[in-house]
Peer 1: 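Encoded as structure tokens, here's the structure I'll be asking about.
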Amino acid sequence: MISAFAPAFSAGLVVLLALLLIAMPAITPATVPLGVAVPPARTDDPVVRRAIARYRIGEVVLAIVALLVDAALLFATPVAGILAPVVLFLVLSVAWLVLSRRRIMAAKRDQDWYAGVPVQQSAEVTAPTRRHPPIVWTIVSALAFAVAFAIGAAAYPALPDPFPVHFDATGAPDRFEPKTPWSVFGLLLIGVGVAALLFVLAVVVSRAALRATPGDAPEGTLRRAAQRRDVLAALLAQVSAAVAVSLSVMSVLIWLAPPAAATMTGLVVTIVLVFAALAVAVARLRRILDPAPALPSAAEAPTQPARDARPAGASRRAAPDDDRHWKAGLFYVNRNDPSIWVPRRFGIGWTLNLGHPLGMVLGVGMIAVPIAIVVFALLTGWHGR
Amino acid sequence: MQIDIDPRSDVPLYQQLHDRVVEAIADGSLPAGTALASVRQLAGAFGINLATVAKGYDLLRQEGLVTTNRRSGSIVARDAASGPPAASFGEAWAPRLRTLLAEAVAQGMTDDDVNAAVGAELRRFRSGGDR
């Protein structure tokens, strides 16, 4: 059974990652194309546009290569190759990103893009207000779980004993346990745990410190940063609600309907809800990043001769170039910065400041712990189930 | 409220931080009682050294514009509506004003020009600044 499922899973993962990486330049601020800080007047420079186009074409090619490798593995030993195409794709993607961004960095250095651009660092001097993710998603989750628990309690006496707790890929039950509240409500309780974890993450994100975007114009840069943060917090809250709804639906179907319907419906509901939340988040990020009327882009310059008199937007203020703190555009190292977490340069979310002692400890831990678990699993001969 | 500092300026960052906060208090953007970000929060938001921000806050505290206590953090202690300044303020301010005016006179500004410039700046604060 696993021989067909595993390559399909890794193919899906490669496609999802490729879509995300290709969309990334569109949903990250224009003043950090491919993670390189550029002043607002250069966001539409031909060098930048070409570098992004090349990066995207490369990602498409790499995704196709990874899918071909995946197809080849279909006829090889499947278990060893489940994640090989995904790992291959990720490693090559990062290498390609590093190569693509070099062109922008070279042009920035050779043409001295920051010459004559007044730089300013912006921050909120008033104490941050306590924010929280939209409350509606917490209500949706609580309602879904409450309804599911109520239906489960009502159906409990009529449920079969032993109770099916695991289903194969066709939806037929392949493992049974004696009927107890744990075996009947286990799936729902896992759902409560995962949804709660995602909700806590949403609350933490909604309170994250605001930082100005490098290269961005100071006017409104913190407002845009706050909007981006709120979109991420809302997305996490929505995914939390999606988990709550889909696991509630799945539990109810296992109790009341044939299991084949349960697993498939649960899977479809999860995928549809999560993708809907992602699509909304991407659309909202695009709207925030759309140049406002107050932020004319260099692309408009040719149609407005008045601005051609001097280098387009050269006198407009920008946040300082901080590329020296970003290694490969992915790793942040700044000893002077007291922040442990900083907004990611090329990507969504936050990354560690490896120049901070605690940031370094966390960074090493995040690499060491998974490796230790894998090594321990290999040494003790543990193979999952 | 957003403040901007210039890392390339000859003016030290702590001084810029102090100056922007004083200006924001003067134009009403930071009324008395407003809670300010902690030293750690502000340094993290700027991505600059803790000591730089602490020095700027120390200066504001010495001038009586900001107070800090363990429970409520730093708050704006006074503003334009808080009544006349302490007697010690004039002693500290007069020499700096003298230097500033001396620069204008030495550069050949007329009294009318100086008065007009002073009036324009004061009107900006009284009308809520340009923020």
Side-chain angles (χ1 to χ4, degrees), chain A residues 37 114-130 207-214 216-226 229 316-326 332-343 345 350-351 353 355-359, chain B residues 1-14 16-25 27-57 60 65-69 71-76 79 130-131:
Chain A
Y114 271 91
V117 178
V119 293
Q120 295 220 291
Q121 272 168 290
S122 310
E124 201 77 37
V125 73
T126 35
T129 45
R130 292 224 140 190
R207 291 179 183 175
L210 289 179
R211 279 168 76 107
T213 310
D216 199 7
E219 299 83 16
T221 183
L222 292 179
R223 182 173 46 77
R224 288 188 289 276
R229 180 190 63 183
R316 278 175 48 220
R317 300 179 304 156
D321 177 7
D322 62 348
D323 274 1
R324 66 185 184 284
H325 298 311
W326 286 89
Y332 183 71
V333 186
N334 183 358
R335 288 184 195 287
N336 269 329
D337 189 342
S339 304
I340 296 167
W341 295 95
V342 295
R345 209 26 132 41
W350 284 260
T351 186
N353 174 11
H356 190 289
L358 186 54
Chain B
M1 201 213 68
Q2 178 178 331
I3 59 168
D4 301 329
I5 57 176
D6 179 357
R8 289 189 194 164
S9 164
D10 292 335
V11 182
L13 287 182
Y14 78 89
Q16 292 186 45
L17 174 60
H18 162 272
D19 294 352
R20 296 298 90 74
V21 171
V22 175
E23 284 160 18
I25 296 173
D27 73 21
S29 308
L30 291 177
T34 307
L36 296 181
S38 70
V39 168
R40 181 165 286 278
Q41 283 166 341
L42 195 53
F46 275 126
I48 60 176
N49 210 302
L50 284 173
T52 307
V53 176
K55 203 168 170 186
Y57 270 32
L60 289 163
L65 290 171
V66 166
T67 53
T68 303
N69 70 50
R71 274 172 53 93
S72 56
S74 293
I75 59 167
V76 176
D79 59 17
D130 57 357
R131 285 173 190 278

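Both backbone and side-chain heavy atoms feed into the values below; hydrogens, waters and symmetry mates do not. Below, read A as the first sequence line, B as the second, and so on, with proteins coming before strands; counting in each chain starts at 1. Values in this document were obtained by computation on a predicted structure and should not be read as measured data.
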Peer 1: What part of B:Val53 gets within 4.5 angstrom of chain A, counting heavy atoms only: side chain, backbone, both, or neither?
Peer 2: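 Looking at B:Val53, nothing touches chain A.
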
Peer 1: What part of B:Ile75 gets closer than 4.5 Å to chain A, counting heavy atoms only: side chain, backbone, both or neither?
Peer 2: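 For B:Ile75, there is no contact with chain A at all, as no heavy atom is under 4.5 Å.
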
Peer 1: Heavy-atom pairs under 4.5 Å with chain B are the metric here; pick the option from A:Gln121, A:Arg223, A:Glu124, A:Arg211 that has the most.
Peer 2: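 Heavy-atom pairs under 4.5 Å are most numerous for A:Gln121.
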
Peer 1: Give, as side chain, backbone, both or neither, the part of A:Leu222 having an atom under 4.5 angstrom from any heavy atom of chain B.
Peer 2: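 Contact with chain B involves both backbone and side-chain atoms of A:Leu222.
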
Peer 1: Tell me whether A:Arg335 at atom CZ has more than 12 heavy atoms from other residues, nucleotides or ligands lying less than 6.0 Å away.
Peer 2: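 Counting neighbours around CZ of A:Arg335, 12 or fewer heavy atoms of other residues, nucleotides or ligands fall under 6.0 Å, so no.
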
Peer 1: State, yes or no, whether a side-chain contact exists between A:Pro118 and B:Asp6 at a heavy-atom distance under 4.5 Å.
Peer 2: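 Not touching, per the 4.5 Å side-chain cut-off.
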
Peer 1: With a 4.5 Å cut-off on side-chain heavy atoms, are B:Gln2 and A:Pro218 touching?
Peer 2: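 Yes. Closest side-chain heavy atoms under 4.5 Å.
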
Peer 1: For the CG atom of B:Leu36 and the OG1 atom of A:Thr126, what is their distance to the nearest 0.5 Å?
Peer 2: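 These two atoms lie 7.5 Å from each other.
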
Peer 1: My understanding is that only residues two or more places apart in sequence, or in another chain, count here; which of them pass ring pair (Phe, Tyr, Trp, His ring centres under 6.0 Å) with A:Trp341?
Peer 2: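 Residues passing ring pair (Phe, Tyr, Trp, His ring centres under 6.0 Å) with A:Trp341: none at all.
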
Peer 1: For chain A, find which of B:Ile48, B:Leu42, B:Leu17, B:Thr34 contributes the most heavy-atom pairs closer than 4.5 angstrom.
Peer 2: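 Ranked by heavy-atom pairs under 4.5 Å with chain A, first place is B:Ile48.
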
Peer 1: Indicate the atoms forming the closest heavy-atom contact of B:Gly47 with A:Asn334, along with that distance.
Peer 2: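 Minimum heavy-atom contact is O-ND2, 3.9 Å.
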
Peer 1: State whether the number of non-hydrogen atoms from other residues, nucleotides or ligands found under 6.0 Å of B:Arg8 atom CZ is greater than 12.
Peer 2: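 It does: B:Arg8 CZ has more than 12 such atoms within range.
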
Peer 1: Using a cut-off of under 4.5 Å for heavy-atom pairs, which of B:Gly73, B:Ser9, B:Gly44 has the most such pairs with chain A?
Peer 2: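 The answer is B:Gly44.
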
